[in-house]
Amino acid sequence: MDIGNEQVIRVLIAKPGLDGHDRGAKVVARALRDAGMEVIYTGLRQTPAMVAEAALQEDIDVVGLSILSGAHLALVPRIMQELKEREIADIPVFLGGIVPKEDIAVLRDMGVAGVFGPGTETRAIIADIREAAVARRKASR
Amino acid sequence: MTQRSGSSVAEGDSPSSSLGPDLARSALAGDRRAVARLLTLVENGTEEGAAALTELYPHTGGAHVIGFTGSPGAGKSTLLNCVAQAFRHRGNTLAVVAVDPTSPFSGGSVLGDRLRMRDLVTDSGVFIRSMASRGHPGGLAHATRDVVSVLDAVGTGFIFVETVGAGQAQVDIARLAHTVVLVEAPGMGDEVQALKAGLLEIADIIVVNKGDRPEVQQTVQAIRTVIAGSGSVAGGWEIPILRTSATERTGIEALVEAILAHRQHMQATDLWSARQARQAYADIEGWLRRYFDEWVAQCMDTRDYDALAEAVVRRACDPATAAHSLLTRFTEGLCSKLKG
């Protein structure tokens with residue numbers, strides 16, 4: 001099946017944890033919409049189980065997390081675990097937010113597909129997400 | 001219709017694939033991931049999805065489908081969150097299918113109904129699915145019926161379908177749901193008049209949400225006046241006009257009772273089977289139109305099309321004659337193919 005044109009890419013944009021700054025998440029959601037994707041936007045204060053359950057029910061291609069609280073090293077492993085329990089750990093997970101440089105490698109080891117720090121161009125985010133979605137669909141067929 | 005949803009139907013899948021039926025069996029056995037994947041397959045109009053639907057169809061017909069429609073911002077999602085919780089407390093399994101509009105410019109969309117349903121998200125007796133309308137007018141997506149069928153087949157007791165924020169003519173939900181709940185907000189005044197020839201005609205239950213606002217009584221009164229002239233709907237059902245406040249969680253129980261009373265009324269009269277029949281006609285019509293849309297796309301995918309367009313530009317031929325000639329050539333080709 002041709003992925004590029006025929007199937008819409010579905011992205012979950014979620015804000016796990018307790019910080020209340022969702023402007024970045026909204027900007028990204030809008031940019032992805034304008035790139036022709038379907039964005040399921042879950043809003044603030046999502047628990048890891050909520051994120052994983054939404055990813056499952058919505059048959060998501062890519063998960064995008066926005067974390068600005070600094071709690072990424074605590075939240076990400078729990079989200080990965082919830083995805084694994086639902087047998088959907090093959091969904092690429094991206095993280096946007098404020099992440100110290102030394103944490104990026106740690107997050108990568110946890111299975112995060114990419115980290116977008118402040119100043120990342122939306123064009124780059126769109127390209128990475130599209131590439132990851134297409135690669136996963138190819139692998140699953 | 002967008003280019004995508006129309007053209008992706010027939011091509012690309014290998015017809016020998018057993019993915020659709022395999023997923024259908026897993027879904028029937030209770031695999032939620034299989035259900036989610038099936039919903040994508042039917043939403044994308046794939047052959048695998050169609051094969052799965054064939055497998056699943058004998059298992060459908062048990063669910064009570066309840067439509068939530070009304071103006072944008074009337075509070076449909078928030079109210080639905082409360083109502084669904086109340087149904088859960090009574091021990092029912094349920095699903096929510098929430099439709100939001102697709103951008104006509106990019107083909108993309110932001111689906112935000114989950115935002116207001118956070119109380120339901122991690123409940124294993126609830127399945128929530130967001131759908132983009134993908135260019136389909138009428139308040140639903142092209143494949144909403146198929147998505148409902150999948151959820152029905154796997155044993156969901158109640159399926160709530162939330163339409164795109166709808167105006168006068170977006171009445172597709174009437175052909176899909178057994179019970180239509182129209183949600184409006186206070187302060188509409190003359191707008192109630194405008195609803196007369198559309199949504200008010202299809203409503204089985206009318207809700208004035210945001211009941212904590214001062215103008216609520218006028219709105220209830222205005223709606224009452226408007227529907228008074230039209231009498232009650234078929235089968236002697238008296239349309240209730242209820243007041244709710246989703247944020248303060250008042251009036252929810254009365255709404256739940258009204259939905260269940262409507263169900264009882266339908267089952268006690270012929271209304272339930274009449275609605276099932278109406279759905280069957282609408283579903284067959286939907287598929288017919290889908291097949292014809294594919295034909296039209298194939299008609300347009302020819303050199304004749306370009307030649308005729310050029311002739312129309314030169315005023316050597318008018319558009320209606322051009323279309324007729326394309327259609328004739330296409331059906332002749334089809335007939336000879338069928339004979340061969």
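In this text the structure is predicted, and so the values were computed from the model without any measurement. Residue numbers start from 1 in every chain, and the chains themselves are labelled A, B, ... in the order their sequence lines are given, proteins ahead of strands.
For Leu44(A), the part sitting under 4.5 Å from any heavy atom of chain B is the backbone (N, CA, C, O) and nothing else. Contact annotation for Val126(B): only backbone heavy atoms (N, CA, C, O) come within less than 4.5 Å of a heavy atom of chain A. Only the backbone of Met37(A) comes within contact range of chain B, with heavy atoms under 4.5 Å apart.
Of all residues in residues 86-99 of chain B, none places a non-hydrogen atom less than 4.5 angstrom from a non-hydrogen atom of chain A. Interface residues of residues 57-93 of chain A toward chain B, defined by a heavy-atom distance below 4.5 Å and sorted by number: Gln57(A), Glu58(A), Asp59(A), Arg86(A), Glu87(A), Ile88(A).
Contacts with chain A were tallied for Ser130(B), Gly112(B), Ala132(B); Ser130(B) has the most, counting heavy-atom pairs under 4.5 Å. For the options Arg33(A), Gln46(A), Arg10(A), Arg30(A), heavy-atom pairs under 4.5 Å to chain B are most numerous at Arg33(A).
Here Glu53(A) does not pair with Arg114(B) in a salt bridge; the nearest charged N to carboxylate O distance is not below 4.0 Å.
Expressed to the nearest 0.5 Å, how far CD of Glu38(A) lies from CE of Met131(B) amounts to 8.5 Å. Rounded to the nearest 0.5 Å, atoms CD1 (Ile40(A)) and CD1 (Ile128(B)) are 12.0 Å apart. With rounding to the nearest 0.5 Å, the separation of CG in Leu12(A) from CG in Leu111(B) is 10.5 Å. Residue Met50(A) holds its CE atom at 9.5 Å from CG of Leu120(B), rounded to the nearest 0.5 Å.
When every heavy atom of Arg45(A) is checked against every heavy atom of Arg118(B), the shortest pair comes out as O-NH2, 2.7 Å. Taking all atoms of both residues into account, the shortest heavy-atom contact from Leu56(A) to Ala36(B) is O-CB, 3.0 Å.
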